[in-house]
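Let me begin by presenting the structure, written as structure tokens, before commenting on it.
Just so we're on the same page: letters track the sequence lines, and every chain starts at 1.
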Amino acid sequence: MNELIVILVSAFLLFVITLWKRKSPSNLREIPALTRLYRTLGLSIEDGTRLHVSLGNGSLLDARGGSALAGLALLRHIAERTSVSDKPSVASAGDPTLGLLTQDTLQAGYQAAGVQELYIPTSGRVTGLSPFGYAAGAMSILQNENISANIIIGHFGPEAGLLTEASDRENMVLIGASDELSGQAVLFANTQDALIGEELFAAGAYLGAGASHLASLTLQDILRWFVILALLGGAAAKLIGVI
Amino acid sequence: MRVFTAVIAIAAGALVLGGYFLPALAPVQTLLLNWATILAGAAVLVGIFNLVSVHSDKIRRQEKGNAYSVLLLMALVVTFLFAMILRPGHIIMKVVLSGIIIPVEAALMGLLTISLLYAAVRLLRRRAELMSIVFLITAALLILGSATLPFGNIPVIGTFIRPWITQVLALGGARGILIGVALGALTTGLRVLFGADRPYGGN
């Protein structure tokens, strides 16, 4: 029942903070990877190159769904911004359900930009059903489709190294974030500015996706302080022999 | 239509979440999860059609690397036909799995080892900062501490430094990162549940 209380309180806080953020948007600390992503979006439209969003192989039916949903939120924003480009963005997924939502999200982005007729269903792709199969399929997109930036966001393990290697060979801008520790280590070593931990979920807020994204960042900070206090309180209680 | 899909999605999400806490909703939760599993199975077929469509386009337009697309489609059709005729449990299908797919993935893993080693070498050139140096020194100490040598573990590194790094520093850091990821996943899930984010086609 404790979990239900946490969820209900979080939902209430998210609702209230979203209303508050609509009136007074907050200042965000600089995250170099997201600043670079913001610039890359504009540059790709100007120089007529394509962006590739790698959404990984996180299934929506298990605990990895959170990172997949964060990736889709970012894709929605990118699709809207780049839909009028000569070379619209492509997205790849390593899970069939995520692949379906990738196509739906891209289409929604085109609709929001008012250019639904430009939407091409094959711009959202399922490139493989296993982690390495997915990476191998996505590498082919990076090598053959005039991509200028690869945005890796979602559930990735060590196979992210294959994508970063392929991006490096084509001199692409590379931005990486994963919810998996091994994937984060690989991305830290292979990218200029890696997103660590919960920064994966901040991309939407930094790209101006709306008040609810800003509110979720504030809510994460509030919950993090509760976790810190609980950890310190637990340690102190253990030290003095209460528990 | 958009409102209708949002109402269905939010109601389904709320019922599945409620099923974890309220026993009365458990049968509805099971039913919805079973439907989701069936739909996920159907999504595999849609994913395969998507793959076929992308690679057929590539062949038709004679794009760069279309020879690989021909190979992929041929392998897909042959494997699909054999699996339909022989059934997936047949010895030939097992050979396809253990003799082609697993070795190919193992080869990619081998390739990854080399590319990660290369990335580690280039890390300081890419990002000359304190954290990169800490990262490389930690990786070197862990590799040295885990190495199997004829005379056993390297003193101090293998017996004290490596266990201390993995069980104290790395474990603490990993838990911190995972707590952050869990909080991010929670707020993202709540946004979807509220309909603020609609990855199912709404604006």
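Only the side chain of V192(B) comes within contact range of chain A, judged by heavy atoms closer than 4.5 Å. Within the 4.5 angstrom heavy-atom criterion, no atom of A211(A) approaches chain B. In this structure, no portion of S59(A) lies under 4.5 Å from any heavy atom of chain B. Residue L106(A) does not touch chain B at all, counting heavy-atom pairs closer than 4.5 Å. Residue contact with chain B, scored on non-hydrogen atoms closer than 4.5 Å, is absent for E180(A). If you measure heavy-atom distances from D95(A) to chain B, you find no contacts under 4.5 Å at all. Both the backbone and the side chain of Q220(A) have a heavy atom closer than 4.5 Å to some heavy atom of chain B. Using a 4.5 Å cut-off between heavy atoms, L69(A) touches chain B through backbone and side chain atoms alike. Proximity to chain B (any heavy atom under 4.5 Å) is restricted, for L100(A), to the side chain, taken from C-beta onward. Using a 4.5 Å cut-off between heavy atoms, L129(A) contacts chain B through its side chain alone, with no backbone atom that close. Within the 4.5 angstrom heavy-atom criterion, atoms from both the backbone and the side chain of E3(A) approach chain B. Interface residue R127(B): only side-chain heavy atoms are found under 4.5 Å from chain A. Contacts between S10(A) and chain B at a heavy-atom distance below 4.5 Å involve backbone atoms as well as side-chain atoms. Looking at L136(B), there are no atoms closer than 4.5 Å to chain A (heavy atoms on both sides), in backbone or side chain. When heavy atoms are compared at a cutoff of 4.5 Å, L33(B) does not approach chain A at all.
Contact check on R76(A) versus D197(B) returns no salt bridge, with no Lys/Arg side-chain nitrogen under 4.0 Å from an Asp/Glu carboxylate oxygen. A salt bridge is defined here as a Lys NZ or Arg NE, NH1 or NH2 lying under 4.0 Å from an Asp or Glu carboxylate O, and R198(B) with D104(A) fails to meet this definition.
Listed by chain and residue number, A11(A), L14(A), F15(A) satisfy the side-chain contact (heavy atoms from CB on, under 4.5 Å) test with F194(B) (two or more places apart in sequence, or in another chain).
Ranked by heavy-atom pairs shorter than 4.5 Å toward chain B, the options S212(A), G197(A), G66(A) are led by S212(A). Residue with the most contacts toward chain B among S67(A), A136(A), A189(A): A189(A) (heavy-atom pairs, distance under 4.5 Å). With chain A as the partner, the residue from A185(B), G180(B), G184(B), G47(B) showing the most heavy-atom pairs under 4.5 Å is G184(B). Between chain B and the options L231(A), T191(A), L200(A), L219(A), heavy-atom pairs under 4.5 Å are most frequent for T191(A). Ranked by heavy-atom pairs shorter than 4.5 Å toward chain A, the options E63(B), K64(B), R191(B), K58(B) are led by R191(B). Between chain B and the residues E165(A), E80(A), E199(A), the most heavy-atom pairs under 4.5 angstrom are made by E165(A). By number of non-hydrogen pairs under 4.5 angstrom with chain B, the leading residue of T127(A), V227(A), L72(A), D168(A) is D168(A).
Residues of residues 48-55 of chain B that come closer than 4.5 Å to chain A, counting heavy atoms only, are N50(B), L51(B), S53(B), V54(B), ordered by residue number. Residues of residues 102-120 of chain B having a heavy atom under 4.5 Å from any heavy atom of chain A, listed by number: E105(B), L108(B), M109(B), L111(B), L112(B), S115(B), L116(B), Y118(B), A119(B).
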Quick one, E145(A) with R125(A), criterion salt bridge (charged side-chain N to carboxylate O under 4.0 Å, His left out). Give me CA distance, side-chain angles, the key distance, then yes/no. CA-CA 13 Å; E145(A) 301 202 17; R125(A) 302 173 194 177; 2.8 Å; yes
Let's go through L8(A) and F12(A) carefully: what are the C-alpha distance in whole Å and the side-chain angles of both, what is the deciding distance for side-chain contact (heavy atoms from CB on, under 4.5 Å) to 0.1 Å, and is it a yes or a no? CA-CA 6 Å; L8(A) 290 177; F12(A) 175 72; over 6 Å; no
Is there a side-chain contact (heavy atoms from CB on, under 4.5 Å) between I59(B) and L73(B) once you walk through the steps? CA-CA 10 Å; I59(B) 295 165; L73(B) 290 184; 3.6 Å; yes
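For F21(B), the CZ atom is densely surrounded, since the number of other residues' heavy atoms within 6.0 Å is greater than 12. Heavy atoms from other residues, nucleotides or ligands lying under 6.0 Å from CZ of R22(A) number 12 at most. Residue I91(B) qualifies as open at atom CD1: its count of foreign heavy atoms under 6.0 Å is 12 or below. Open room surrounds CZ on R169(A); 12 or fewer heavy atoms of other groups in view lie less than 6.0 Å from it.
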Name the atoms and distances for all side-chain donor-acceptor pairs under 3.5 Å in residues 74-89 of chain B, with sequence neighbours left out.
from, atom 1, to, atom 2, distance (Å)
T79(B), OG1, A75(B), O, 2.5

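Note: L193(B) CG to T188(B) OG1 = 12.0 Å, rounded to the nearest 0.5 Å. Taken to the nearest 0.5 Å, the CG atom of D179(A) stands 9.5 Å off from the CZ atom of F156(A). Summarising the geometry, atom NE2 belonging to H52(A) is positioned 3.0 Å from atom OG belonging to S92(A); distances are rounded to the nearest 0.5 Å. The line from OG of S132(B) to CZ of R125(B) is 13.0 Å long, rounded to the nearest 0.5 Å. Note that the CZ atom of F188(A) and the CG atom of L181(A) stand 14.0 Å from one another [nearest 0.5 Å].
Contact between G109(A) and A79(A) at its shortest, heavy atoms only, is CA-CB, 4.0 Å. Taking all atoms of both residues into account, the shortest heavy-atom contact from T187(B) to S216(A) is CB-CB, 3.6 Å.
In this structure, D57(B) and R60(B) have side chains that are in contact, with non-hydrogen atoms separated by less than 4.5 Å. Put simply, the side chain of L217(A) reaches to within 4.5 Å of the side chain of Y206(A), judged on heavy atoms.
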